[in-house]
Amino acid sequence: MRHSTKLPLYITIATFLLAYALCIAEYPSMLSTRVVANLLTDNAFLGITAVGMTFVILSGGIDLSVGSVIAFTGVFLAVVLRDTHIHPLAAFVIVLLITTLFGAAMGLIIHYLEMPPFIVTLAGMFLMRGLAYVLSTDSVPIDHEFYGWLQSLYWKAPGGGRFRITGLLMVLTFAGAMLVLHRTRFGRNVYAIGGSAQTAQLMGVPCARTTVLIYAVSGGLAGLAGIVFSLYTSAGYSLAAVGTELDAIAAVVIGGTLLTGGSGFVAGTFFGIMIMGLIQTYIVFDGTLSSWWTKIVIGVLLFTFIMLQKGLAWVTTGRIPRASASAARS
Amino acid sequence: MQTDTRPVLHATGISKFFPGVIALDDVELALYPGEVHALLGENGAGKSTLIKCLTGAYGRDGGTITLDGQEIDPRDPLSSQEAGIGTVYQEVNLLPNLSVAENLFLGRQPRRFGMIDQRRMVRDARGILSEYGLEVDPARLLSSYSIAVQQIVAIARAVELSGKVLILDEPTASLDRDEVQLMFSVIRRLTARGLAVVFITHFLDQVQEICDRATILRNGRVVGTLKLAEASRTDIVTMMLGRQLEEVTRHPDRGVPGEVLLSLRGFGRRGAIEPFDMDLREGEVVGLAGLLGSGRSETCNAVFGADPADRGEARLRGAPLGLSNPRAAIRQRFALCPEDRKTDGIVGELSVRENIILSLQARQGWFRPLPRARIEAIAEHYVKALDIRLASLDTPIRLLSGGNQQKALLARWLATDPALLILDEPTRGIDVGAHAEIIALIERLRADGMALLVASSEMEELVAYSTRIVVLRDRRQVGELAGGEISPAAIVRAIAAEEGAAKEEVLA
Amino acid sequence: KTVGFSQIGSESGWRAAETAVTKSDAKKEGVTLKFADAQQKQENQIKAIRGFIAQGVDAIFLAPVVATGWDEVLGEAKDADIPVILLDRKVDAPKDLYMTAVTSDTVHEGEVAGDWLKKAVGGKPCKVVELQGTTGASVTIDRKKGFAEAIADASNIKIIRSQTGDFTRAQGKIVMESFLKAEDGGKDICALYAHNDDMALGAIQAIKEAGLKPGKDIKIVSVDSVPDMHLAIAHGESNATVELTPDMAGPAFEALKAYWKDGTMPPKWIQTKSTLYTQDSDNMAAYERKKDLGY
Amino acid sequence: MILTTLRRVAPQLIILALVLLLNFAMFPGFFRVEMHNGRLFGNLIDVLNRGAPVALLSVGMTLVIATRGIDLSVGAVMAIAGAVAASVVTGGSDWVVAVLAALGAGALCGLWNGVLVAVLRIQPIVATLVLMVAGRGIAQLLTHGAILTFNDPGLVRLGGGTILHVPTPIWIWIVLAVVVGLVVRRTALGLLIEATGINERSARLAGINARVLLIAVYLVTGLCAALAGIVVAGDIRGADANNAGLWMELDAILAVVIGGNSLLGGRFSITASLIGALIIQSVNSAILLSGMPVEFNLVIKALIIIAILVIQSPRVNHALYLLRASSGAFSPGASRGASTPRNTAPRSAASRTDHTTEEGRP
Ligand SMILES: Nc1ncnc2c1ncn2[C@@H]1O[C@H](COP(=O)(O)OP(=O)(O)OP(=O)(O)O)[C@@H](O)[C@H]1O
Ligand SMILES: Nc1ncnc2c1ncn2[C@@H]1O[C@H](COP(=O)(O)OP(=O)(O)OP(=O)(O)O)[C@@H](O)[C@H]1O
Ligand SMILES: [Mg+2]
Ligand SMILES: [Mg+2]
């Protein structure tokens, strides 16, 4: 009977599998390790961002700054590696520290000044993109051998697919987030705050600490996504990742998490990401869509997925009777 | 333990101001180990506020609190929790999106290798809840259980957290007798261990049953602390209200019911309430009795179209009628005062005035606003008529005390001049004075020819005003009492008889 | 044969024209064109190229949104033996990763505009306002740089204000309005340099609304030469525009055909011309030629 | 009535004044308004004129946000409306027809959003994200990605002309705001919208037709966006489907929030949102006038916004209130029965401490 709470998750997975099957039916070459590997690699940075976004959305908040943080991280790394002799690993640590602290600062403002996350993180979005501009408006290439080495770490599967370290990193991030969200007190407090901040406070949840941590996690993961993105493109560019926040939010929501907070699964987000990636891949395979039809089709597919989910949910809950306490009481 | 004369918790000079209200004025409260201390007062007297000041949910504007002789200054509920004060706040304050077990253990989940040990948590939760006679699946979402179950979970959580003091703010408002007794036995066990318990309720018989002493508040001031063994019920009520209260002992003359207003045939909703037949007459109060989860609320909601029936038919004065949504019902001058006022009733941020005229305005339509003067007149009329205590009509309704919110909701529906008034637990959280007033009001409305359908878990109350009582069990109507048959004992029998019958059926 | 074309997006009329021309060229050549619009995102372009590789196209056209970050994915294309031709912009990647680049020289475009202005003002002092493109776009940086280099030796010409107009008409108009107010109703402004025609067209309206005559009171030079700009120049409302042809695909297909026929490798850079149009050119003819290209 | 409104928008007015003064400090001619061939001309006029699109959007957005929703699609709807108007007028029809067609398109878009939110019960942010993505595509489909220019004097006048020497867009947003404001406040709509936004369940049970109300609100927002789209297209004499209204939804939401309206729905003030829109435009104007290198644009904007939000935050307001209280005027006992002013400070998603949200309203 427990599965009723996980229903949205199962529905997302079912939606993904169904859609993938349909794609393969139309373009048989979509069933290849290449496509699978690409789904993982190309969406690695988005996936990692979406994990952070899942934390935030589960707590009833939203973080619009992630796209800018990714851009900032990339530019920062590129500029630092160009102008200094710091090892990339050290630069990674520094930039993760910066983005985590930035997230924490937003969390502090949100909690202590009681301002809506939407607006605080919108200001954060302007700020981070602005700082990226200030560092460099030009796109700065990164050609450190360490980057080359990281990029050379992949497993070439039969069929030509390259499973890269960034894809692995994304999967690990998802696994870690699952553990944290479901098996630690902090994770449960995230759900608690999302259920009702006021009630959570009355139940003794340390709201201040948890909120700050949530946004710190989101900022830190956006920083990590920025590192992945810089690996992906070997460069830092201040205009990178514009609008990523909306993609991440869409992925989280398609993954079955409620924007109102308190309900959802990070595993769902993973499949949300995969669904978004599938839409992109499908459009590339189709290759006949003009620029405008591309946008329209993305919109229509987004809508279709949402409706498919609603439909599946409706069909399944129609059969599951309402929980009955009287039956359970002795 | 009673030999220890030092209070566990001693609060002195507690003051709390809200804009326009002095909620607490120099309040003192002393709790001794092993005692159950009642905190009594009318709606809006300041009981809940006092609790919140003690636990740090509100910052207080003055006063000192000592725990075991040490001065403490709880900044938030967490710090008082850590100091050993467990609290059940008024209105269930749990998280519907978490499982029952998690609600019980939030913040102190058992861990293994740093990770939450889910299996153990569920097992422990089952153990704890069984002490309260609750055989629920702790792994399921809290929201899948009724308010009563949630209330018990809240109590269990507070008990687990209370090392020194347990505070219960109207924990019994939605519990029936058996649960209350189980809770009392838990309380007795705790006091035997030397805990101090604060118990807030409007049920004076419960106070007299379990409490040792009582502190009585009126308008934010302490009017006295007394030993309950030495006080009579009338004394307490008089202290609370500042006046005498004539007890409602009078049984209603059950009059002659008028025409059939609404007649339901085979009316029901899958998964909520089995099909039933029912006739509601003008000038008649039909009571709905049953245990928790027996389907009383579902009946009310189906009749009002809030959870519309999916089978059967309804006729209004003989004419077929669709009850597919609340608006359809309201058009026929139906009204429903819901059970859960926080989520189904009040519109928290709106002023009391706006809350009162909301339904009337909704029925008038978007483009025919009620004139300002009329709004003012209606609001003031009902505030006076129902004695709603508030700083001003502009106060957002969420700032009113629970009982006063309930009255304001009643006012909302009375303002629409309903033909059929459905009341789901109308006296939940209402003080003795207002309780009597509401019973009198129901009487008066009935006498004026209104049809009423009232669900309540207080049998005495049902008996006091019902013309007929429909008994429910397991979402099914199982009996009906009318006229002279009506008595608490008869209701209990009706429920139990059916239970016996059901068992026999199973055996057969 | 199948060619995959990863286009940046459709942020301007010029870009739409480039797409339209490429599609019609492909039809002319009898090539199936797989088109992928990246919505201004590099990651989408990388996805698209990987998608093309997975589908096994015969060649890839790439109009890169940014110069950096292509090594890896171009390497994959090379591994799969798929030739890549860059359109319109170049990349910072080893030259062996792509077959050729068909682009104009964007720095040079700025220079042409600057040289024109130098000639137009003679030795007279001239205060210039600049409408930049989107902050961070490589075109913005290059066109700014080229112009600045061209006027570096003319001490009489000075850029007094420079703001971004995001390559759009609306923003060009708004920013120009504020330039005009800030510089004494525009009396102090001698010339406008806009990084694209759309912004210049917006600015022309702002100048008119401020009661000045664009093209006379304030000289205007911009880049792209879209049809509307030719009209404006013909009407004397603007002075000069540097052409950026939308037909990058034409030379690209030529190169491909040669390669497929006998393996001829084209030069690494096929530069398109940056023609200057002034009020002396035949703007109406240019307008007629271009108006149906999809701008 | 006017007094309560004034009290409600006082913080926004103060901030607007501050930002305008900042402009003045940077450019002394800021407040100068002159007449130039029959139109008022000056930076102040520009703020009003250039603020028009965001102001128009913020009127609808205020209502949507009051219902606890959000509309991300307004920018795309602007593009659609502009494209429709341009293609109708270049097709040879009268400008009135063009405007009506554009408004119709906006209404249709709003209806679509409304149905998604109210009937299919999709969360507003995602529901409108669909149209945000697809809508721009539809607009581009109409213009084929090019800028569809026109010279119809009627349409041009709506964006760039003047009436009584004042730029038409200023008239348009003021008239729209007054009309919507009157409709909402002189009928019961405002109250019902607020009730729905605060507690939809309660509102439905009280007999409010929340579904139709929600659809109507999204529809009005679509209309507002269409108007904004027409203004922007008329202004540049062309429909730029690629860029018209791009990211403008964020500015509109920002305007509503700077106006002190809660994103959690409920109490709203259109006037305050409009002042919020003007504040944003003044900030933009300050950035343009400052003459700083463009790289700093966003940093400056972010810092000013953060400053504005901090000034407005309930916490800071509470602290100020305590400061005022401690300086004498605080006598809680005296005020029993005195009217408590409406709750004006923005409620926030983060209202987690009872301390400040419940007690400290001045
Ligand atoms: N946050 C608040 N802001 C303003 N006034 C408040 C607030 N909370 C409570 N009040 C007011 O303080 C007074 C005391 O309320 P309180 O909730 O303590 O009453 P109570 O004794 O618990 O009543 P009940 O029996 O109905 O629960 C009431 O007049 C109420 O309106
Ligand atoms: N939202 C819900 N989801 C699933 N089940 C529910 C929900 N609400 C109520 N129930 C179930 O429906 C049954 C009826 O509960 P309800 O509380 O409405 O009955 P009742 O007879 O009115 O009792 P009371 O009002 O005294 O609690 C309960 O067993 C409860 O578990
Ligand atoms: Mg109370
Ligand atoms: Mg009930």
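To find a chain, count down the sequence lines: A is the first, B the second, and so on, and within it residues start at 1.
A/M203 has its side chain within reach of B/N103: a pair of non-hydrogen atoms, C-beta onward, lies under 4.5 Å apart. In this structure the side chain of A/V205 never reaches within 4.5 angstrom of the side chain of B/L78, judged on heavy atoms. B/N97 places none of its side-chain heavy atoms less than 4.5 Å from the side chain of A/L258.
Looking at A/R183, its side chain does come within 3.5 Å of a backbone N or O of B/I116 through a donor-acceptor pair.
The number of heavy atoms from other shown groups lying within 6.0 Å of CZ (B/R119) does not exceed 12. For B/R311, the CZ atom counts as densely surrounded, since its 6.0 Å shell holds more than 12 non-hydrogen atoms of other residues, nucleotides or ligands.
When heavy atoms are compared at a cutoff of 4.5 Å, B/Q109 approaches chain A by way of both its backbone and its side chain. Contacts of B/L98 with chain A are made by side-chain atoms alone, with heavy-atom separations under 4.5 Å and no backbone atom involved. For B/L94, the parts sitting under 4.5 Å from any heavy atom of chain A are the backbone and the side chain alike.
Interatomic distance, A/H182 NE2 to B/E102 CD, rounded to the nearest 0.5 Å: 9.5 Å.
Of all heavy-atom pairs spanning A/S196 and B/L95, the tightest one is N-CD2, 3.6 Å. Contact detail for B/A57 and A/L202: the closest heavy-atom pair is CB-CD2, 3.6 Å.
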